[in-house]
Novice: 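One structure coming up, written as structure tokens, with questions to follow.
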Amino acid sequence: MGVLVYTESWNGSFRKSTFEAVSYANETAKLLGTEVTAISLGKVNDSELSKLGNYGASKVVSIEAVKKGDSQGCTNAIADLANDASAIIFSNTYTAKMIAPRLSAKLKIGAINNVVEIASNISPFTVKRKAFSTKAIETTKVNSKKVILSISPNSFRLIETGGSCIIESVESTEKGDVTIEGQETLSGKISISEAEIVVSAGRGLKGPENWGMIEELAEILGGATACSKPVSDIGWRPHSEHVGQTGKAVTANLYIAIGISGAIQHLAGVNSSKIMVAINTDPEAPFFKAADYGIIGDAFEVVPKMIEEIKKIT
Amino acid sequence: MNIVVCISSVPDTTSKINFTENGSNFDSSGVQFVINPYDEFGLTKAMMLKEVSGGGKVTIITVGDATVEPVMRKALAIGADEAIRINMTATDSYSTATEISNYLKSNPADLIITGKESIDYNGGAVGGMIAEMMKLPFINACIGLEVNGSKTKLIREIEGGKENILANLPFVIGGQKGLVQESELRIPNMRGIMQARSKPLNIIEPTANESMTESLNFKKPAEKGSCKLVDSNDVAKLVSLLQNEAKVI
Ligand SMILES: Cc1cc2nc3c(=O)[nH]c(=O)nc-3n(C[C@H](O)[C@H](O)[C@H](O)COP(=O)(O)OP(=O)(O)OC[C@H]3O[C@@H](n4cnc5c(N)ncnc54)[C@H](O)[C@@H]3O)c2cc1C
Ligand SMILES: Nc1ncnc2c1ncn2[C@@H]1O[C@H](COP(=O)(O)O)[C@@H](O)[C@H]1O
């Protein structure tokens, strides 16, 4: 009985969250005394696939013909390989969020998402996960022998093993009842949920024309930009940047909140970030109660200085 | 068109979350419950689709005990035509999805709308499970839905962009903001609230009640230490702390 890990690629490349999932799968395999098989859907060339070996996959099964937006096709293709697996590991990507629950229902295996730690018990599988929009840590067990786990981004470290993997191409004719027409992606954009640094701004910035400095700060830090809910509701920023309890969850190493008051709904989605910085003119802003570092001051003065200082060290 | 919207009743977003003494259960005392915010987008979308097609029915369905009824009445006040409550305390996504799909197998719908996740349990699973149990397509994080006869154009959010998908009804979606805009969300008015009182809220008994996961305990994350304040004239110090103390840049 092995461990399967779903490895997601974007335009033929893997991202950090993929390697985190493989590392997690490898640690789980050690607990079980078994090996890791990775499944890759879509076209990925061999040199990219072989990187999975370095995080602990001993075998990679590559299935080219299946499309990510087709949750039925993806699920069936993975189910065909899941018979011998005691654990199936996913990272928390948009596509994984369609496949993992389907697979759980199809195979009658308990699924747990938002997982933040390696299993504390393997029979039955017991893990810690985030619940109540990060307001709680829940310990959950499955009632099935096997388990499906989806790992919260940036919660499990990468572990390079220096290992290598064999690559096997498998044909699959699995196809669901949808047609994928195409994607529109902004290239070069770092996804908020995976980003290690997120620079976020709120209504304190007064208008969309003032976001230049936010983008610049994010860029020099190699981070993503985000915003509070009202900012996206009024259309200053796209909805895809809305973070918080009803927006995207942030699990960054560094979250910088600029001109954001720190409402409970905002904090709920961002406070599992490791370090939070608040920049706000109002010393009473609730964000200062949640932040690790803060500056009471005007964003329009502080942010340009930050950019200047960071440029000196990078 | 016959639309079913799955509604989860969740603690109001302003709620402080507490657990019973040994952390075994969520402590609901003093907590106000609301329609799961993602489900509100789905409910509004369902109302709009019904209005455009000039016919059909919007049914809301909730798995829960009698305490969820006020939230269901609110959904009826917003405009749903009828409500189904499956009389069981929802404990895991699998059992919730099993009950809903068993209902749907004998009461077919053209479109099944869930939210992309519930803000309490955050399972993000019920929609996908219903789809699998019913062998239907599932489009999650759905930010666009245009029905044209049985052929439908959907848009789902993906990392850094979106994907366009075509599907034929019936299918299941996981909705969120973008399916309709925030400004389009409907608030119950007096007339709606009055009408909701006489709309049918049918209670049916669970069929299987089989769970795949079990909660053992809950803890609140460790409290943060106090915030280190840096003078606004000394931004260099903040940068140095982030680099040398926190080691995050
Ligand atoms: C059901 C529900 C769900 C919600 N979900 C979310 C969610 O997911 N995410 C979210 O963000 N919100 C959410 N909210 C909204 C939340 O309650 C707050 O209203 C929102 O977070 C406030 O956004 P803000 O901090 O940008 O604006 P404000 O509260 O207006 O705060 C602006 C801040 O900027 C500061 N400021 C002003 N000028 C400057 C300056 N020159 N320099 C520095 N600082 C300055 C002010 O002191 C103030 O603290 C939700 C609300 C509800 C009801
Ligand atoms: N008890 C429930 N009754 C009806 N629908 C539910 C229930 N729990 C969850 N759902 C639906 O499933 C979606 C995802 O919930 P979850 O899988 O719990 O994150 C929610 O947005 C609801 O649409």
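Throughout, protein chains are lettered first and strands after them, A, B, ... in sequence-line order, and every chain is numbered starting at 1.
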Novice: Side-chain contact test, heavy atoms from C-beta onward, threshold under 4.5 Å: evaluate it for Lys135(A) versus Phe218(B) and give yes or no.
Specialist: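 Of all side-chain heavy-atom pairs linking Phe218(B) with Lys135(A), none is under 4.5 Å.
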Novice: Where on Leu136(B) is there a heavy atom nearer than 4.5 Å to chain A: the side chain, the backbone, both, or neither?
Specialist: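 Interface part for Leu136(B): backbone (N, CA, C, O).
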Novice: According to the side-chain hydrogen bond (donor to acceptor under 3.5 Å, both in side chains) rule, which pairs have a member within residues 278-292 of chain A, sequence neighbours left out?
Specialist: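 Output for this query lists Asp292(A)-Lys224(B).
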Novice: Taking only heavy atoms into account, what residues of residues 228-235 of chain A are found under 4.5 Å from chain B?
Specialist: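 At a heavy-atom separation under 4.5 Å, chain B is reached by Lys229(A), Ser232(A), Asp233(A).
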Novice: Between Asn217(B), Val239(B), Leu238(B), Val248(B), which has the largest tally of heavy atom pairs under 4.5 Å with chain A?
Specialist: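 Of the candidates given, the most pairs with chain A belong to Asn217(B).
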Novice: Can you find a side-chain donor-acceptor pair between Thr13(B) and Gln245(A) that sits under 3.5 Å?
Specialist: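 Looking only at side-chain atoms, Gln245(A) and Thr13(B) do not form any donor-acceptor pair under 3.5 Å.
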Novice: Minimum heavy-atom separation for Pro101(A) to Ala125(B), with atom names?
Specialist: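 Between these two residues, the closest heavy atoms are CB-O, 3.4 Å.
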Novice: Heavy-atom distance under 4.5 Å to chain B: side chain of Ile296(A), backbone, both or neither?
Specialist: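 Backbone plus side chain of Ile296(A), per the 4.5 Å heavy-atom cut-off to chain B.
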Novice: Of the backbone (N, CA, C, O) and the side chain (C-beta and beyond), which part of Thr126(A) lies under 4.5 Å from a heavy atom of chain B, both, or neither?
Specialist: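 Contact with chain B: side chain only.
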Novice: Under a 4.5 Å heavy-atom cut-off, does chain A meet the side chain of Gln181(B), its backbone, both or neither?
Specialist: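 Gln181(B) touches chain A through side-chain heavy atoms alone.
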Novice: Tell me, side chain or backbone of Phe171(B) under 4.5 Å from chain A's heavy atoms, or both, or neither?
Specialist: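 Contact with chain A involves no heavy atom of Phe171(B) at all.
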Novice: Please state whether the side chain, the backbone, both or neither of Tyr94(B) comes within less than 4.5 Å of a heavy atom of chain A.
Specialist: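 Only the side chain of Tyr94(B) comes within 4.5 Å of chain A.
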Novice: Under 4.5 Å from any heavy atom of chain A, what part of Glu223(B) do you find: side chain, backbone, both or neither?
Specialist: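 Neither part.
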Novice: Is chain B contacted by the side chain of Lys274(A), its backbone, both, or neither, given a heavy-atom distance below 4.5 Å?
Specialist: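 The backbone, not the side chain.
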Novice: Go through the side-chain N and O atoms of Arg156(B) and Thr95(A) and say whether any donor and acceptor fall under 3.5 Å apart.
Specialist: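 Their side chains do contain a donor-acceptor pair, which is all the 3.5 Å distance test asks for.
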Novice: Answer yes if the side chains of Tyr94(A) and Glu163(B) hold a donor-acceptor pair under 3.5 Å, and no otherwise.
Specialist: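 Distance-only check fails for Tyr94(A) and Glu163(B).
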Novice: Is there side-chain contact between Asn143(A) and Glu214(B), with at least one heavy-atom pair below 4.5 Å?
Specialist: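 They are in side-chain contact.
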Novice: Within the distance-only criterion (no hydrogens, no angle test), does the side chain of Lys177(B) pair as donor or acceptor with the backbone N or O of His242(A) below 3.5 angstrom?
Specialist: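 No, the answer is negative, given that no donor and acceptor are paired below the 3.5 Å cut-off.
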Novice: Given a strict heavy-atom distance threshold of 4.5 Å, which part of Pro37(B) is in contact with chain A: side chain, backbone, both, or neither?
Specialist: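 The side chain, not the backbone.
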Novice: With a 4.5 angstrom heavy-atom cut-off, could you sort out which part of Ala141(B) is near chain A: side chain, backbone, both or neither?
Specialist: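 Interface part for Ala141(B): side chain.
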Novice: Does any heavy atom of chain B fall under 4.5 Å from the side chain of Ile192(A), the backbone, both, or neither of them?
Specialist: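 Neither the backbone nor the side chain of Ile192(A) comes within 4.5 Å of chain B.
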Novice: Between Tyr38(B) and chain A, which part of the residue has a heavy atom less than 4.5 Å away: side chain, backbone, both or neither?
Specialist: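 Only the side chain of Tyr38(B) comes within 4.5 Å of chain A.
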Novice: Which answer fits Gln176(B), side chain, backbone, both or neither, if we ask what part of it has an atom under 4.5 Å from a heavy atom of chain A?
Specialist: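 Neither part, no heavy atoms under 4.5 Å.
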